[in-house]
Trainee: 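Mind having a look at this structure? Questions to follow.
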Amino acid sequence: MKIIVCVKQVPDTSGKVAVNADGTLDRASMQTIINPDDMNAVEAALALKDQLGCPVIAVSMGPPPAAGMLLELKAMGVDKAVLVSAREFGGSDTFATSQILAAAIKNLGVDKDDIIFCGRQAIDGDTAQVGPQIAEKLEIPQVSYVADIQKDGDTITVKRMLEDGYMTVQVQTPCLLTCIKELNTPRYMTIRGILDCDNEPVTVLDYNALKDDPLIEVDTIGLKGSPTNIYKSFTPPRKGSGMMLEGSGKETVEKLFGILSAKHII
Ligand SMILES: Cc1cc2nc3c(=O)[nH]c(=O)nc-3n(C[C@H](O)[C@H](O)[C@H](O)COP(=O)(O)OP(=O)(O)OC[C@H]3O[C@@H](n4cnc5c(N)ncnc54)[C@H](O)[C@@H]3O)c2cc1C
């Protein structure tokens, strides 16, 4: 049994968000972090490794600097780090990204007992589509919004978060689970992990390594193979200044109620 975790390096949107003149994100001038939901996915994988002794492989698609993030994961306890990186993969939308990641996962092999973890969503693209699309392309079952995991043989019982409660789902391996922050608290890197993390170099899967997979066709990967393209991006206009409502408490509540109803907010 092994666990594969998909991890994305994202701009730290809690800090300065820089935008180029053409409206695209100026990623080069922004700090990068490991996508927060992916940290929960890594912790879930490492907790299962603590329990069952299975190896954990982290896979990330991104430019070469993403290798640094993968070393941080090795310092936390991940056994192998794989960077999926090639010019041909650039500009991929979620369909193309999931094609490439599914091909990379097939390259690593998916066995009967294996589990693939993703975060629920990335804080930059914010679509929450990549995990479910990878599962579809690998033709394995998936459960999203996972808030608790119990493994018993090849059956996994998960608590899936809904808007107003939880659902308990049983799923057979191999399967893909997308993780949310309620699942756990990610651990820190260890001193031993930091000292050992670059003993084994990060494995790079480039275009040549994946090109023979049927998922890697010119018309299904990269900018040209993406069915969607970003036509325009812009910063939303700032909201206008606040409005003071004058009068007694009851009067102002009635006015506020009228304004919010007119805007269909309540
Ligand atoms: C319409 C559209 C057009 C786009 N065009 C471009 C473009 O031209 N150029 C460009 O650079 N980007 C483009 N993007 C962004 C790019 O598609 C996304 O960064 C990428 O597909 C991941 O989607 P997401 O960020 O929404 O991830 P989500 O679906 O929210 O991520 C869910 C989970 O999937 C996994 N995951 C996602 N991405 C990766 C990854 N790269 N490596 C490993 N695991 C991952 C993680 O576990 C993550 O938590 C476009 C996006 C859209 C929606």
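Atoms within each ligand, like the ligands themselves, are counted from 1 in listed order. A quick note: this is a predicted structure, and the numbers were derived from the prediction, not measured.
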Trainee: Of A128, S98, G131, which has the heavy atom at the shortest distance from atom 28 (P) of ligand 1?
Mentor: A128

Trainee: For E43 and R187, indicate whether the former's side chain and the latter's backbone hold a donor-acceptor pair under 3.5 Å.
Mentor: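 Checking the backbone N and O of R187 against the side chain of E43, a donor-acceptor pair under 3.5 Å is found.
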
Trainee: Just jot down the ligand 1 atoms closer than 4.0 angstrom to any heavy atom of V7, in number order.
Mentor: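 Counting from 1, the qualifying ligand atoms are 42 (N), 43 (C), 44 (N).
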
Trainee: Check the pair I216 / I100 against side-chain contact (heavy atoms from CB on, under 4.5 Å), numbers first and verdict last.
Mentor: CA-CA 7 Å; I216 305 294; I100 300 160; 4.1 Å; yes

Trainee: Does ligand 1 come near enough to A122 that some N or O of the ligand is less than 3.5 Å from an N or O of the residue?
Mentor: yes

Trainee: Check each heavy atom of V84 against ligand 1 and say whether those closer than 4.0 Å belong to the side chain, the backbone, both or neither.
Mentor: neither

Trainee: Looking at ligand 1, would L223 count as a contact under a 4.0 Å heavy-atom criterion?
Mentor: yes

Trainee: What I want to find out is whether D38 reaches K8 closely enough, with some N-O distance under 4.0 Å, to be called a salt bridge.
Mentor: no

Trainee: Checking salt bridge (Lys or Arg N to Asp or Glu O under 4.0 Å) for the pair K137/D213: CA distance, chi angles, key distance, verdict?
Mentor: CA-CA 12 Å; K137 282 154 194 177; D213 191 293; over 6 Å; no

Trainee: Could you tell me if any non-hydrogen atom of G62 lies under 4.0 Å from any atom of ligand 1?
Mentor: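 False for this residue.
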
Trainee: Is the closest N or O pair between M61 and ligand 1 shorter than 3.5 Å?
Mentor: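 Such a contact does occur with ligand 1.
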
Trainee: Can you list, by chain and residue number, the hydrophobic cluster partners of L260 when the side-chain cut-off is 4.5 Å?
Mentor: M243, L245, L256, F257, I259, I265, I266

Trainee: Starting from atom 19 (O) of ligand 1, find the nearest protein heavy-atom neighbour and note its residue, name and distance.
Mentor: K8 NZ, 2.6 Å

Trainee: Give the residue, atom name and distance (to 0.1 Å) of the protein heavy atom nearest atom 3 (C) of ligand 1.
Mentor: I230 CG1, 3.4 Å

Trainee: Give a yes or no answer on whether the side chain of S92 reaches the backbone of I221 with a donor-acceptor pair at less than 3.5 Å.
Mentor: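 No, because the side chain of S92 does not come within donor-acceptor range (under 3.5 Å) of the backbone of I221.
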
Trainee: Starting from atom 20 (C) of ligand 1, which protein heavy atom do you reach first, and at what distance in Å?
Mentor: T97 OG1, 3.6 Å

Trainee: Can you find an N/O atom of R120 closer than 3.5 Å to an N/O atom of ligand 1?
Mentor: no

Trainee: Give the atoms of ligand 1, by number and element, whose distance to some non-hydrogen atom of S60 is under 4.0 Å.
Mentor: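 This gives 42 (N), 43 (C) as the contact atoms.
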
Trainee: Please report the interatomic distance OG(S98) to CG(D93), rounded to the nearest 0.5 Å.
Mentor: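 Spacing of OG (S98) from CG (D93) equals 8.0 Å.
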
Trainee: Tell me the nearest of T127, V5, V10, D38 to atom 26 (O) of ligand 1, using heavy-atom distances.
Mentor: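 Heavy atom nearest to atom 26 (O) of ligand 1 belongs to T127.
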
Trainee: Under 3.5 Å, side chain of T173 to main-chain N/O of K112, donor-acceptor pair present?
Mentor: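 Confirmed, T173 side chain pairs with K112 backbone.
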
Trainee: Evaluate C6 for polar contact with ligand 1, using N/O atom pairs at a separation under 3.5 Å.
Mentor: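 It does: an N or O of C6 is found under 3.5 Å from an N or O of ligand 1.
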
Trainee: Show every donor-acceptor pair shorter than 3.5 Å between a side-chain atom in residues 71-85 and any protein atom, with sequence neighbours excluded, or say none if there are none.
Mentor:
residue	atom	partner	partner atom	Å
K74	NZ	C197	O	3.3
K74	NZ	E200	O	2.7
D79	OD1	K49	NZ	3.1
D79	OD2	K49	NZ	3.2
D79	OD2	V56	N	2.8
S85	OG	G62	O	2.7

Trainee: Taking only heavy atoms of D124, which atoms of ligand 1 are found under 4.0 Å from at least one of them?
Mentor: 25 (O)

Trainee: Tell me, which protein residue and heavy-atom name are nearest atom 45 (C) of ligand 1, and how many Å apart are they?
Mentor: L101 CD1, 3.7 Å

Trainee: Which atoms of ligand 1 have any heavy atom of Q129 under 4.0 Å away?
Mentor: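 Taking each heavy atom of Q129 in turn, ligand 1 has 29 (O) under 4.0 Å.
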
Trainee: Could you tell me whether the side chain of D37 and the main chain of I180 form a donor-acceptor pair under 3.5 Å?
Mentor: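 Checking the backbone N and O of I180 against the side chain of D37, no donor-acceptor pair under 3.5 Å is found.
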
Trainee: Just go through V59, N35, D93 and tell me whose heavy atom is the nearest to atom 51 (C) of ligand 1.
Mentor: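 It is D93 whose heavy atom sits nearest to atom 51 (C) of ligand 1.
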
Trainee: Which residue owns the protein heavy atom closest to atom 36 (N) of ligand 1, what's the atom, and how far is it?
Mentor: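 Answer for atom 36 (N) of ligand 1: V130 CG1, 3.8 Å.
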
Trainee: What residue and heavy atom of the protein are closest to atom 33 (C) of ligand 1, and at what distance?
Mentor: G119 O, 3.4 Å

Trainee: Considering residues, nucleotides and ligands other than I191, do more than 12 of their heavy atoms fall under 6.0 Å from its CD1?
Mentor: no

Trainee: Looking only at side chains, do Q9 and T32 share a donor and an acceptor under 3.5 Å apart?
Mentor: yes

Trainee: Does any N or O in the side chain of Q150 come within less than 3.5 Å of the main-chain N or O of T157, such that one atom is a donor and the other an acceptor?
Mentor: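 Not confirmed, Q150 side chain does not pair with T157 backbone.
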
Trainee: Look only at interatomic distance and state if T228 has a nitrogen or oxygen under 3.5 Å from any nitrogen or oxygen of ligand 1.
Mentor: no

Trainee: Say whether, by atom type as modelled, one donor and one acceptor occur between the side chain of T252 and the main chain of E246 under 3.5 angstrom.
Mentor: no

Trainee: Measuring from atom 17 (O) of ligand 1, which candidate in G222, S92, G125, P132 has the nearest non-hydrogen atom?
Mentor: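 When every heavy atom of G222, S92, G125, P132 is considered, S92 comes closest to atom 17 (O) of ligand 1.
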
Trainee: Please work out which of C118, G91, A58 has its closest non-hydrogen atom nearest to atom 10 (C) of ligand 1.
Mentor: G91

